[in-house]
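Computed from a prediction, not measured in an experiment: that's the story for all the values here.
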Amino acid sequence: MDRRDFLRTTSAVAASAVAVAVPPALAAGPTTTVAAPAIASGVRTLTFDTPWRNGVAGLADDARRLARRIEAMSGEELKIVASGTGAAGADLVFTTENDKLTSHAAFAFFAGLPGPQGLSPIDLDHWLAAGGGQMLWDDLAQEFATKPFLAGHKGAWPLLWSKRMIYSPADFTDRSVNAEGLTADVLVALGTGLSIADPAGADIADAGGLLLASAANVDRIFSFAFDRLLGIAGTAVSLNVSLPVWDGLSVPHRTTIAAAAAEGFRTAVAEQQVHAGLLHQMIAARPGLVLRPAPGPVRVAFERISDAVVAHTAAVDRRAARINASYMQFRRSISNCPEWNGPLAGA
């Protein structure tokens, strides 16, 4: 069954739950476009693309920082320039795996799952590094000629922002929404329209973690924010290297790119965790904004539809089933460990 066809059939789950519950130039310098990686005077030029343009605070900055980090760590042997060809023609792409869901739905496991099945940013990193997740990711991405790395994160425990109060799943009906990946699928199944690109123009939005949402002034656009609904996972940011380019890089240059991506992820998670406590206090104190836990019926409906959407994703094919089995087994293996609750714990 097609992903969108599936969503049209899952709106009934929300009703059942109620009954139970009662995308600038990246480089600071010239933005020369090159058609392919170039090697001259010992310097190799790689093109870089990201959907987050100047003015999108946080992610655009992270993209520039990653590019500069790769250059510095390579001893300036790798030169990173903005691509004028778009992601399809760039050597390196800084984005989320949600952008690949039309290619294969299982990329969602590497972006972040909605609701109670998601892994925290740290646990996602652990699954990739020590639980076999990276090998599964590499295998899936190879079919689409890319080599993927975890390179950033939008923030754990994202709030659901709304311009009107939400009391029940019925309050999602026919409202415009800004979200991505499987979270968007869940909201569509709750009855919203399809996701739109502009958070400011949406009635409901998932704007990422508190640091990213605050940088984008989302708290000044919406009147309500709901905690503990979308889940802990948030959305991971990845660096995708064109597989032909990756295969042609030297071992030191491969190591440089992998290390720079890992440092980018660690820095993003650290910044969000360090600042989120203060940001939570500021957002909670903002006049005209109501920050509260999601109502019980809404939470039950969201969790039930999340489970159905994830199960549908896992059933796409054998590869998706294998990824799901590894992900869920790892999740169960750490279930007795203290949860990475983040700064909103107990809020």
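Rounding to the nearest 0.5 Å gives a distance of 9.0 Å between CZ of Phe149 and CZ of Arg254. Rounding to the nearest 0.5 Å gives a distance of 4.5 Å between CG of Asp247 and CG of Leu243. With rounding to the nearest 0.5 angstrom, the CD1 atom of Ile232 is 8.5 Å from the CG atom of Leu119.
When each of Phe330, Tyr327, Trp127, Trp137 is paired with Phe109, the ring-ring contact (aromatic ring centres under 6.0 Å, His included) condition holds for Tyr327 and for no other. Checking Leu59, Leu150, Leu66, Asp62 one by one against Val237, the side chain to side chain contact (heavy atoms under 4.5 Å, CB included) holds for a single residue, Leu59.
Counting heavy atoms from C-beta on, the side chains of Asp198 and Asn178 never come closer than 4.5 Å. Counting heavy atoms from C-beta outward, Leu159 and Phe226 have side chains that stay 4.5 Å or more apart. Side-chain contact between Ile204 and Phe172: present, with at least one pair of heavy atoms (C-beta onward) separated by less than 4.5 Å. Side-chain contact check for Leu187 versus Leu190: some heavy-atom pair is nearer than 4.5 Å. Looking at Val241 and Thr146, their side chains never come closer than 4.5 Å, going by heavy atoms from C-beta outward. No side-chain heavy atom of Gln273 sits less than 4.5 Å from a side-chain heavy atom of Pro121. At least one side-chain heavy atom of Leu92 sits less than 4.5 Å from a side-chain heavy atom of Ile70. For the pair Leu46/Val81, no side-chain contact is recorded, criterion being any heavy-atom separation below 4.5 Å from C-beta on.
The backbone N or O of Leu211 sits nowhere less than 3.5 Å from a side-chain atom of Ser214 that would complete a donor-acceptor pair. Distance alone, capped at 3.5 Å, is enough to place a donor-acceptor pair between the Asp171 side chain and the Ser168 backbone. Side-chain N or O atoms of Arg44 include none that pairs as donor or acceptor with a backbone N or O of Lys79 at under 3.5 Å. Checked by atom type and distance alone, the side chain of His153 never pairs as donor or acceptor with a backbone atom of Arg266 at under 3.5 Å. Without hydrogens or angle criteria, Gln272 side chain to Ala156 main chain gives no donor-acceptor distance under 3.5 Å. With Arg68 contributing its side chain and Ala63 its backbone, the two residues share no donor-acceptor pair below 3.5 Å. Asn324 places no side-chain N or O within 3.5 Å of a backbone atom of Ala320 that could act as its donor or acceptor partner. For the pair Glu76 (side chain) and Val43 (backbone), a donor-acceptor distance under 3.5 Å is absent. A donor-acceptor distance shorter than 3.5 angstrom exists from the side chain of Thr313 to the backbone of Val309, with no hydrogens or angles considered. The backbone N or O of Glu77 lies less than 3.5 Å from a partner atom in the side chain of Ser74, making a donor-acceptor pair.
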(message) Before you tell me yes or no, could you show the steps for Glu271 and Arg65 under salt bridge (Lys or Arg N to Asp or Glu O under 4.0 Å), namely the whole-Å CA-CA distance, both residues' side-chain angles and the distance that decides it to 0.1 Å?
(response) CA-CA 14 Å; Glu271 286 180 340; Arg65 182 166 55 188; 3.2 Å; yes
(message) I'd like to know whether Ser242 forms a side-chain hydrogen bond (donor to acceptor under 3.5 Å, both in side chains) with Asp91, so could you lay out the CA-CA distance, the side-chain angles of the two residues, the decisive distance to 0.1 Å, and finally the verdict.
(response) CA-CA 5 Å; Ser242 165; Asp91 302 323; 5.3 Å; no
(request) Evaluate side chain to side chain contact (heavy atoms under 4.5 Å, CB included) for Tyr167 paired with Met165, printing each intermediate quantity in order. (result) CA-CA 6 Å; Tyr167 297 98; Met165 180 60 189; 3.2 Å; yes
(request) Dump the intermediate steps for side chain to side chain contact (heavy atoms under 4.5 Å, CB included) on Arg322 and Leu136, then the final yes or no. (result) CA-CA 8 Å; Arg322 184 184 176 199; Leu136 293 168; 3.5 Å; yes
(request) Walk me through it: do Asp125 and Val269 pass the test side chain to side chain contact (heavy atoms under 4.5 Å, CB included)? (result) CA-CA 11 Å; Asp125 185 36; Val269 173; over 6 Å; no
(request) Evaluate the criterion side chain to side chain contact (heavy atoms under 4.5 Å, CB included) for residue pair Phe110 and Leu140; output intermediate values, then yes/no. (result) CA-CA 11 Å; Phe110 308 102; Leu140 180 63; 4.0 Å; yes
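Residues Ala179 and Asp206 approach most closely at CB-CB, 4.1 Å, considering heavy atoms. The two residues Ala108 and Leu113 come nearest to each other via the heavy atoms O-CD2, 3.9 Å. Nearest approach of Leu128 to Gly133, heavy atoms of both residues: CD2-C, 3.6 Å. Taking each heavy atom of Asp49 and Ala90 in turn, the nearest pair found is CB-CB, 3.7 Å. Shown here for Ser195 and Ala184, the closest heavy-atom pair between the two residues is CB-CB, 4.3 Å. The two residues Leu229 and Ala294 come nearest to each other via the heavy atoms CB-CB, 3.8 Å.
Using a cutoff of 4.0 Å between basic side-chain nitrogens and carboxylate oxygens, Glu263 and Arg69 are scored as salt-bridged. Using a 4.0 Å cut-off between a side-chain N of Lys or Arg and a carboxylate O of Asp or Glu, Glu180 and Lys154 qualify as a salt bridge.
With ring centers used as reference points, Phe224 lies 6.0 Å or more from Trp161.
Cation-pi geometry between Arg228 and Trp157 is satisfied (NZ or CZ under 6.0 Å from the ring centre, within 45° of the ring normal).
Evaluation of the side chain to side chain contact (heavy atoms under 4.5 Å, CB included) rule for Ser176 yields Ile196, Ala202, Asp203 as partners, not counting sequence neighbours. Listed by chain and residue number, Glu97, Asn98 satisfy the side chain to side chain contact (heavy atoms under 4.5 Å, CB included) test with Ala111 (two or more places apart in sequence, or in another chain). The ring-ring contact (aromatic ring centres under 6.0 Å, His included) test applied to Phe265 returns no partner, not counting sequence neighbours.
Neither Leu78 nor Val251 shares a network with the other; the hydrophobic side chains, linked directly or stepwise wherever heavy atoms of I, L, V, M, F, W or Y lie under 4.5 Å apart, form separate groups for each. Connection of Leu278 to Leu291 is established within a shared hydrophobic cluster, with ILVMFWY side chains joined at heavy-atom distances below 4.5 Å, either directly or through further cluster members. By the criterion of side-chain heavy atoms lying less than 4.5 angstrom apart, applied directly or through intervening Ile, Leu, Val, Met, Phe, Trp or Tyr residues, Val274 is not grouped with Ile283; the two fall into different hydrophobic clusters. Placement of Met328 and Ile323 within a single hydrophobic cluster is found when ILVMFWY residues are connected by side-chain heavy-atom separations under 4.5 Å, directly or transitively. No continuous path of ILVMFWY side-chain contacts below 4.5 Å connects Met135 to Leu239, so the two sit in separate hydrophobic clusters.
Pairs engaging residues 130-147 under the salt bridge (Lys or Arg N to Asp or Glu O under 4.0 Å) rule: Asp138-Lys147, Asp139-Arg319, Glu143-Arg319 [sequence neighbours left out]. Pairs engaging residues 158-169 under the salt bridge (Lys or Arg N to Asp or Glu O under 4.0 Å) rule: none recorded [sequence neighbours left out]. Screening residues 104-119 for side-chain hydrogen bond (donor to acceptor under 3.5 Å, both in side chains) gives His104-Asp317, Gln117-Asp307 as the qualifying pairs, with residues at least two apart or on separate chains.
Around the CE atom of Met282, the shell of radius 6.0 Å holds no more than 12 heavy atoms that belong to other residues, nucleotides or ligands. Within 6.0 Å of CZ in Arg175 there are more than 12 heavy atoms belonging to other residues, nucleotides or ligands.
At a cut-off of 3.5 Å, with distance as the only test, no side-chain donor of Thr50 or Arg64 sits close to an acceptor on the other residue.
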